[in-house]
Participant: 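Dropping a structure here in structure tokens format, bear with me for questions.
None of these values were measured; they are calculated from a predicted model.
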Amino acid sequence: QVQLVESGGGLVQAGGSLRLSCAASGRTFSSSGMGWFRQAPGKERELVASISWSGGNTYYADSVKGRFTISRDNAKNTVYLQMDSLKPDDTAVYYCAAAQRPWVRSQDDVAYWGQGTQVTVSS
């Protein structure tokens, strides 16, 4: 069993920044691909960013490319999502996700989910 706990969500003004954290426990973290998904009301859950088990490869959705940065600290069993230049369209519940493989490309790769943290960006 793997447990993922997100933190760092909140309310920010457009153009502001937030840093999300995901603390993992229960299984080897450093060998698991990790990702961040988000889901807005009435919308499908979408992959925002992912990072390989080694940290050497990253992926970003076109909608966040250049504004968000994913990173991981294996010594702390933690993955981060730095979100800059936030827009109202970024408003969603953000979910941390872990794979049983080195890479996360879609929900099909996800073995474990966090509970989610709310991000709200005001106009």
Side-chain angles (χ1 to χ4, degrees):
Q1 181 70 273
V2 171
Q3 292 182 319
L4 305 174
V5 180
E6 302 99 333
S7 62
L11 174 65
V12 296
Q13 189 176 0
S17 297
L18 283 174
R19 187 196 190 202
L20 305 184
S21 298
C22 174
S25 63
R27 201 164 65 94
T28 301
F29 172 78
S30 60
S31 62
S32 298
M34 302 290 293
W36 287 95
F37 291 76
R38 69 184 182 186
Q39 188 165 25
K43 303 292 184 180
E44 296 181 356
R45 188 171 297 189
E46 63 173 342
L47 177 63
V48 176
S50 60
I51 187 166
S52 64
W53 67 269
S54 68
N57 297 98
T58 57
Y59 163 85
Y60 299 96
D62 288 342
S63 59
V64 307
K65 194 172 299 181
R67 300 187 297 118
F68 290 10
T69 304
I70 189 171
S71 62
R72 65 192 298 162
D73 186 340
N74 290 344
K76 297 181 178 179
N77 292 332
T78 302
V79 64
Y80 305 95
L81 185 67
Q82 178 67 43
M83 305 185 294
D84 298 320
S85 301
L86 283 162
K87 306 174 181 179
D89 285 347
D90 295 319
T91 296
V93 177
Y94 284 71
Y95 297 91
C96 181
Q100 292 180 321
R101 57 193 67 176
W103 188 244
V104 174
R105 296 168 296 173
S106 72
Q107 294 187 64
D108 294 339
D109 298 317
V110 177
Y112 304 99
W113 294 94
Q115 292 295 112
T117 185
Q118 177 70 48
V119 171
T120 302
V121 184
S122 62
S123 301

Participant: Ignoring hydrogens and geometry, is there a side-chain-to-backbone donor-acceptor pair from Glu6 to Cys22 under 3.5 Å?
Facilitator: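 Checked: no pair found.
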
Participant: Assess whether a salt bridge exists between Asp90 and Lys87, defined as any Lys/Arg side-chain N lying under 4.0 Å from an Asp/Glu carboxylate O.
Facilitator: no

Participant: Would you tell me whether Ser17 and Asp84 have side-chain atoms, one donor and one acceptor, within less than 3.5 Å of each other?
Facilitator: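 Note: Ser17 and Asp84 side chains meet the donor-acceptor criterion.
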
Participant: Which residue pairs pass the salt bridge (charged side-chain N to carboxylate O under 4.0 Å, His left out) test with at least one member in residues 40-61, sequence neighbours excluded?
Facilitator: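 Output for this query lists Arg38-Glu46.
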
Participant: Tell me, do Pro102 and Ser52 make a side-chain contact under 4.5 Å, heavy atoms counted?
Facilitator: no

Participant: Please find the pair of heavy atoms, one from Ser85 and one from Arg67, that lie closest to each other, and give the distance.
Facilitator: O-NH1, 3.0 Å

Participant: Minimum heavy-atom separation for Leu81 and Ala49, please, with both atom names.
Facilitator: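 Here Leu81 and Ala49 meet closest at CD1-CB, 4.1 Å.
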
Participant: Do Ile70 and Leu4 land in one hydrophobic cluster if side-chain heavy atoms of ILVMFWY residues count as linked below 4.5 Å?
Facilitator: yes

Participant: Indicate the atoms forming the closest heavy-atom contact of Ala14 with Pro88, along with that distance.
Facilitator: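 Heavy atoms of Ala14 and Pro88 come nearest at CB-CD, 4.2 Å.
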
Participant: Going only through I, L, V, M, F, W and Y residues with side-chain contacts under 4.5 Å, is there a path from Val110 to Val48?
Facilitator: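 Val110 and Val48: separate clusters.
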
Participant: Per the salt bridge (charged side-chain N to carboxylate O under 4.0 Å, His left out) rule, what does the pair list look like for residues 108-123, sequence neighbours excluded?
Facilitator: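 Passing the test, one end in residues 108-123: Arg101-Asp109, Arg105-Asp109.
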
Participant: So, applying ring pair (Phe, Tyr, Trp, His ring centres under 6.0 Å) with Phe37, which one of Tyr94, Tyr95, Trp113 is it?
Facilitator: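 In the set Tyr94, Tyr95, Trp113, the residue that makes a ring pair (Phe, Tyr, Trp, His ring centres under 6.0 Å) with Phe37 is Trp113.
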
Participant: When clusters are formed by joining ILVMFWY residues with side-chain heavy atoms under 4.5 Å apart, either directly or through shared neighbours, do Met83 and Val93 land in the same one?
Facilitator: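 In one cluster: no.
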
Participant: Given side chains that start at C-beta, do those of Val12 and Thr120 come closer than 4.5 Å, heavy atoms only?
Facilitator: no

Participant: Short question: side chain of Thr91, backbone of Asp89 - any donor-acceptor pair under 3.5 Å?
Facilitator: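 A pair under 3.5 Å: no.
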
Participant: Let me see the working for Tyr80 and Arg72 under side chain to side chain contact (heavy atoms under 4.5 Å, CB included), right down to the final yes or no.
Facilitator: CA-CA 6 Å; Tyr80 305 95; Arg72 65 192 298 162; 6.0 Å; no

Participant: Would you say that Val79 contacts Leu20 through its side chain, given a criterion of any heavy-atom pair below 4.5 Å between the two side chains?
Facilitator: no

Participant: Spell out, yes or no, whether Met34 and Val2 are grouped together once hydrophobic residues are joined by side-chain heavy atoms under 4.5 Å, including indirect joins.
Facilitator: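 Cluster IDs for Met34 and Val2 match.
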
Participant: Should we count CD of Gln115 as having more than 12 external heavy atoms under 6.0 Å?
Facilitator: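 At most 12 heavy atoms, drawn from other residues, nucleotides or ligands, come within 6.0 Å of this atom.
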
Participant: Verify, without hydrogens or angle tests, whether Gln3 (side chain) and Ser25 (backbone) share a donor-acceptor contact under 3.5 angstrom.
Facilitator: no

Participant: Around atom CD of Gln107, are there more than 12 heavy atoms of other residues, nucleotides or ligands at under 6.0 Å?
Facilitator: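 Result for CD/Gln107: enclosed.
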
Participant: Quick check: do Val119 and Leu18 have side-chain heavy atoms less than 4.5 Å from each other?
Facilitator: yes

Participant: Are Tyr60 and Trp103 connected into the same hydrophobic cluster when the rule is that any two of I, L, V, M, F, W, Y join if their side-chain heavy atoms are below 4.5 Å apart?
Facilitator: no

Participant: Below 4.5 Å, heavy atoms only, C-beta onward: do Leu47 and Trp36 meet side chain to side chain?
Facilitator: no

